[in-house]
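The structure displayed is predicted, hence computed values, not measured ones. Sequence lines set the chain letters: A, B, ... in the order given, protein chains first and strands last, and positions in each chain run from 1.
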Amino acid sequence: MLTGDVIDTVMNLVTFAFLGAMGWLLARKLPARDDRPADSDTAKQPPSSGKT
Amino acid sequence: MQREASAQNSGGATGGTALLVISIAVIAAIGIWGVADPEGLVALATRVVDTYFYSRGWFIMLAVSAMLIFCIVLAVSRFGEIRLGADDDRPEFSTPSWIAMLFAAGMGVGLLFWAVAEPLTHFNFGRDYADEGVAAHQALLATNFHWGIHAWAIYGVTALAIAYFAFRRGTPMLVSAPVEYLFPGERWARIVGWLSDFMAIVAIAIGVGGSIAMGVFQVADGIDVVMGGTSTPAWLVAVVFVLIVAAYVPPLLVDLGTGMARLSNIAVSIAIALVVFTIIFGPTEYLLNAVLVGFGDYVTSAIPRGFQTPVFFDDAVSRWFSDWTLTYMVWWIAWGPFVGVFVARISKGRTIREFVLGVLIGPTLFSVIWFGAFGGIGLYETLHGAGDLAAMAVSNVERVTFDLLDRLPLTLITTAATIVAAFLFIVTSVVSAAFVLGTFSTGGDPDPSPRIRLIWGILLGILGAAMILSGSIDAVKKLIALGALPFVFITVLLMVCLVRALGEETRPAARGTEEGSMPC
């Protein structure tokens with residue numbers, strides 16, 4: 001028999017569903033946003049400690 | 001807009017508190033489970049990871065290759081002119097400093113640990129299938145592939161998404177920010193956003209826990225070698241672990257400014273000195289040839305290799321592929337949000353083109369030189385010497401780097417330097433990770449409180465202990481892969497969000513608005 005593993009197939013189908021969802025996100029219209037263009041003042045993030 | 005964007009992320013104050021509590025609880029539970037029953041946790045990780053990898057190795061490789069091609073397309077297209085920030089922002093750091101910081105971001109204890117061990121491990125495997133010359137070529141190629149441009153494409157995509165949305169759209173530096181910004185008020189976006197931050201936290205925590213374990217093994221082995229031992233005792237591993245925790249806890253409680261950056265630069269300087277030392281005092285011509293061959297094989301094979309899986313090969317090759325190539329790709333994805341936030345922070349004001357070229361090329365070139373030198377000297381000893389290093393890569397992989405240094409001059413100095421570098425890499429990584437975890441778990445607070453940082457530092461220590469108790473590097477790799485698996489999907493989602501946002505910028509209707517090419 002050449003049939004494969006059921007769990008394997010199901011998990012791959014889930015992956016394809018995810019890829020389909022990504023395709024939908026790429027194609028759908030973006031909702032209107034009530035925002036302003038960022039300029040250098042409002043886009044500033046306070047510096048954080050850590051590696052830098 | 002920044003406050004609005006912050007409130008949208010993680011569902012506002014309530015969502016942020018829930019994320020903090022739940023993520024701390026889950027990470028604590030995993031850590032305690034790992035300490036109480038390390039074999040059980042490793043067994044579960046092995047089952048899940050093997051099933052996932054065997055089922056979807058194609059998806060992981062396709063996703064990673066897509067990220068690389070996406071980066072290249074951005075660099076060569078008109079999108080490359082878009083600046084990470086306002087159109088009149090300029091970079092905060094000079095280009096040489098920026099490249100050096102990218103090296104520091106990408107270098108860690110893993111490069112020290114695997115410098116010789118990985119090429120020799122692949123060589124040992126490959127010579128069952130081909131003659132030794134071919135096996136040596138393939139060993140260096142595989143190593144360069146694992147640490148090269150694909151890894152940096154993963155970091156690059158994550159960092160670019162975070163940087164673009166933070167600096168150009170004013171969102172917090174969160175993994176959830178892109179999807180919640182593009183689809184404001186949509187319930188599915190809030191849920192996916194919350195889960196994105198949660199999965200990023202899990203991936204970072206387990207990834208850093210694994211690095212703590214690897215670093216502890218390396219430092220303990222180094223000390224044991226200096227003391228003349230042949231097998232590192234458990235008490236020494238425990239002492240080193242306690243010392244590392246004692247070293248990273250105090251910095252979590254204070255604001256160190258550039259202190260951590262300086263320690264990181266010391267570690268990178270030691271690593272650079274080690275590779276130069278090895279090339280000069282080792283068989284120099286052989287090593288330079290190895291670097292050239294490694295570079296040539298890699299440049300001609302890197303992109304096609306991203307589309308290869310061992311589908312037509314035997315089970316042993318499939319096992320090798322999932323234990324190494326897939327594990328590495330998922331490992332880089334696990335580190336993506338952590339390295340991504342750091343790279344994003346230092347890249348404000350750069351164009352996308354500068355960003356992509358710098359992130360992809362500089363660190364990759366260094367890795368090729370690194371593994372050409374260290375892998376080359378390991379292969380030299382194997383092909384022209386007694387072959388002890390290759391045997392040690394099988395029996396005692398943690399000691400290979402130190403055994404190599406023992407065969408070069410100034411052993412005590414180079415061994416001590418390696419131990420110091422490994423120690424500094426772990427400490428600076430843990431401190432940085434605790435900050436990033438604090439930021440992610442508090443809805444984007446760029447300066448989380450010392451209490452939050454300390455909690456994450458303690459949890460990272462518990463996870464590190466669990467990984468150490470798992471007993472082997474293979475077990476550590478499986479646990480890291482388990483933590484990172486869900487994040488593969490999130491990284492793809494970030495890429496999609498970036499595509500949508502960049503497409504919005506360059507629509508004709510979006511040009512010529514108040515602030516240049518910014519959409520409104």
Side-chain angles (χ1 to χ4, degrees), chain A, chain B residues 1-2 4-5 51-52 54-56 58-59 85-86 88-89 101 104-105 166-170 172-173 181-186 255-258 260-261 264 341-342 345-346 348 428-429 431-436 439 446-448 489 492-493 496-497 499-500 504 513-516 518-520:
Chain A
M1 293 289 283
L2 296 178
T3 49
D5 181 71
V6 171
I7 293 178
D8 179 56
T9 300
V10 167
M11 289 170 89
N12 278 291
L13 288 175
V14 168
T15 304
F16 272 100
F18 169 78
L19 290 173
M22 293 302 102
W24 171 71
L25 284 183
L26 280 170
R28 64 164 279 187
K29 200 166 146 43
L30 287 176
R33 276 192 311 282
D34 180 26
D35 60 0
R36 295 285 181 268
D39 61 29
S40 51
D41 290 331
T42 58
K44 272 198 175 69
Q45 295 286 325
S48 176
S49 306
K51 275 216 170 228
T52 49
Chain B
M1 187 182 74
Q2 191 167 329
E4 180 191 341
T51 305
Y52 186 95
Y54 279 128
S55 293
R56 261 170 318 291
W58 67 268
F59 175 63
D88 58 353
D89 275 345
M101 284 191 274
F167 299 140
R168 203 150 166 93
R169 304 294 184 116
M173 279 198 163
Y181 175 85
L182 286 175
F183 305 100
E186 295 192 19
D255 286 319
L256 288 183
T258 56
M260 282 293 114
S264 178
V341 166
F342 171 70
R345 280 207 190 106
I346 64 172
K348 187 179 177 195
T428 55
S429 290
V431 171
S432 297
F435 272 89
V436 171
T439 297
D447 195 18
F489 296 101
V492 173
L493 175 62
V496 167
C497 289
V499 168
R500 288 310 311 258
E504 215 185 31
T513 53
E514 284 178 25
E515 298 282 336
M518 288 302 302
C520 55

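- Of all heavy-atom pairs spanning B/E504 and A/L30, the tightest one is OE2-CD1, 3.5 Å.
- Note that the OG1 atom of A/T15 and the CZ atom of B/F489 stand 4.5 Å from one another [nearest 0.5 Å].
- Nearest heavy-atom pair across A/M22 and B/V496 is SD-CG2, 3.8 Å.
- Scanning all heavy atoms of the two residues, the minimum distance from A/P31 to B/E186 falls at CG-OE2, 3.6 Å.
- One finds the CG atom of A/L25 at 4.5 Å from the CZ atom of B/F183 (value rounded to the nearest 0.5 Å).
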